[in-house]
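Notes to accompany the following structure.
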Protein chains: 2
Amino acid sequence: MDNADQIRAAATQLFASVGYDGASLQAIAERVGVTKQTLLYHYPSKDALRRAVLDHVFAHFRERLPKMLDAVTSGHDRFEALTRELVHFFEADPDRARLLLRELLDKPDDMRRVLAENLRPWILLVAQYVRQGVTSGIIHADVDPEAYVLHVIVLVLANVAVRPVTHGVISAEATPDETHERQMQELFRLTRTALFNR
Amino acid sequence: MDNADQIRAAATQLFASVGYDGASLQAIAERVGVTKQTLLYHYPSKDALRRAVLDHVFAHFRERLPKMLDAVTSGHDRFEALTRELVHFFEADPDRARLLLRELLDKPDDMRRVLAENLRPWILLVAQYVRQGVTSGIIHADVDPEAYVLHVIVLVLANVAVRPVTHGVISAEATPDETHERQMQELFRLTRTALFNR
DNA sequence: CCTACCGATCGGTAGG
DNA sequence: CCTACCGATCGGTAGG
């Protein structure tokens with residue numbers, strides 16, 4: 001991994017944890033062990049670094065898309081497998097979830113375009129699979145396919161992003177990990193039950 | 001509304017839209033038409049202003065709590081009424097949702113304490129109502145009550161917060177308002193179907 | 001002695 | 001990739 005990659009990785013972490021404005025170029029450079037000026041050699045502006053970070057997250061997402069779509073051919077466990085792939089993608093690096101959520105809040109206009117390009121085609125495709133499930137009778141007839149798929153994505157994204165906080169809200173004697181595991185189990189149950197006829 | 005209240009209101013808007021670090025005291029003061037020094041007279045530091053903003057949101061939430069809990073005595077439409085109260089609370093001022101989501105990302109440790117105090121007792125109470133519904137047979141036996149209630153809150157919060165982006169993701173010819181209405185209708189269907197036996 | 005401010009400026013740091 | 005800087009703006013405080 002060269003310096004440009006290391007800088008992007010450090011920026012991803014810092015943007016995710018303290019936000020774009022909260023992360024100074026100096027702080028990002030220090031994490032990598034280079035000067036701020038070296039950073040600005042690789043990325044000519046802070047905004048260029050932002051775009052590089054975001055592009056990299058979506059590049060990873062597109063890489064996993066075929067695997068995700070393989071999971072959703074037909075039947076009950078197939079849709080759950082898709083949700084699991086989604087959870088796996090964000091839990092593999094929770095900074096992805098926090099970063100995307102921050103971008104959604106910070107740059108709604110930009111993100112509308114980015115998501116229209118990167119997420120919309122995929123949502124429409126999965127929604128078509130949902131419609132096939134309705135036709136074959138295994139899925140509730142009153143589901144709104146596109147809205148449902150978006151809800152699943154939002155729910156996974158938000159739950160992974162706010163995971164550090166969840167524990168204090170519903171836990172009793174359980175550990176933070178157990179609480180999160182419980183939360184994700186209910187996420188699978190909830191999204192499955194809301195979709196399929198029994 | 002005196003200057004202190006106006007400053008808090010302006011800070012709420014700016015913190016919600018550009019984040020805590022992105023909102024300068026100068027910009028907040030300018031919105032109200034006072035100097036930055038006047039702001040610092042009312043709130044001795046930026047962090048004090050942050051706490052005042054957050055406290056005010058939770059004060060509003062606690063105000064509406066009795067009404068919310070009235071809604072959840074028993075039966076199908078009662079739980080939906082509770083979700084509608086929650087949606088109403090955040091849609092009445094979407095800045096509340098954006099602000100809370102930002103705080104969850106910016107200050108997870110602080111928010112864990114804040115939510116343990118302000119949200120946890122209420123979640124546990126509603127979860128007890130869910131358990132009663134399980135006993136009486138109207139609610140699915142495999143629901144995780146606390147996790148379910150938290151998912152509903154997270155789903156409402158996230159959907160209101162990212163509303164400006166939703167339209168570009170699933171819409172075709174519909175207006176942004178119609179798309180959001182569709183999204184919220186599916187939210188009600190999803191949370192209802194995941195809870196109740198048919 | 002208190003309240004609600006003002007114009008000016010402090011030491012540091014931002015992105016570039 | 002580094003040294004040496006810039007215009008501007010940051011959160012916070014001075015006396016009156």
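- In the interface, the side chain of Lys36(B) is paired with the base of dG12(D) through a donor and an acceptor atom under 3.5 Å apart.
- Ala23(A) comes within contact range of the sugar-phosphate backbone alone, with a heavy-atom separation under 4.0 Å but no base atom that close.
- Place Asn3(A) and Gln37(A) on DNA chain D by their nearest nucleotides, and Asn3(A) ends up nearer the 5' end.
- The number of heavy atoms from other shown groups lying within 6.0 Å of OH (Tyr41(A)) does not exceed 12.
- dC10(C) and dC10(D) have their C1' atoms separated by 12 Å, with the value rounded to a whole Å.
- Residue contacts shown for Leu40(B) include a base, since a base heavy atom lies under 4.0 Å away.
- One can place CD of Gln6(B) at 14 Å from P of dA4(C), the figure rounded to the nearest angstrom.
- In this structure, Arg163(B) and Glu91(B) have side chains that are in contact, with non-hydrogen atoms separated by less than 4.5 Å.
- For the P atom pair drawn from dG12(C) and dA8(D), the interatomic distance equals 22 Å after rounding to whole Å.
- For Lys46(A), counting side-chain heavy atoms from C-beta on, the closest listed nucleotide (dC1(D), dC5(C), dG15(C)) is dG15(C).
- Using the six-membered ring where Trp is involved, Phe15(B) and Tyr20(B) have ring planes that are tilted, between 30° and 60° apart.
- At distances below 3.5 Å, at least one donor-acceptor pair connects side-chain atoms of Arg102(B) with backbone N or O atoms of Ser17(B).
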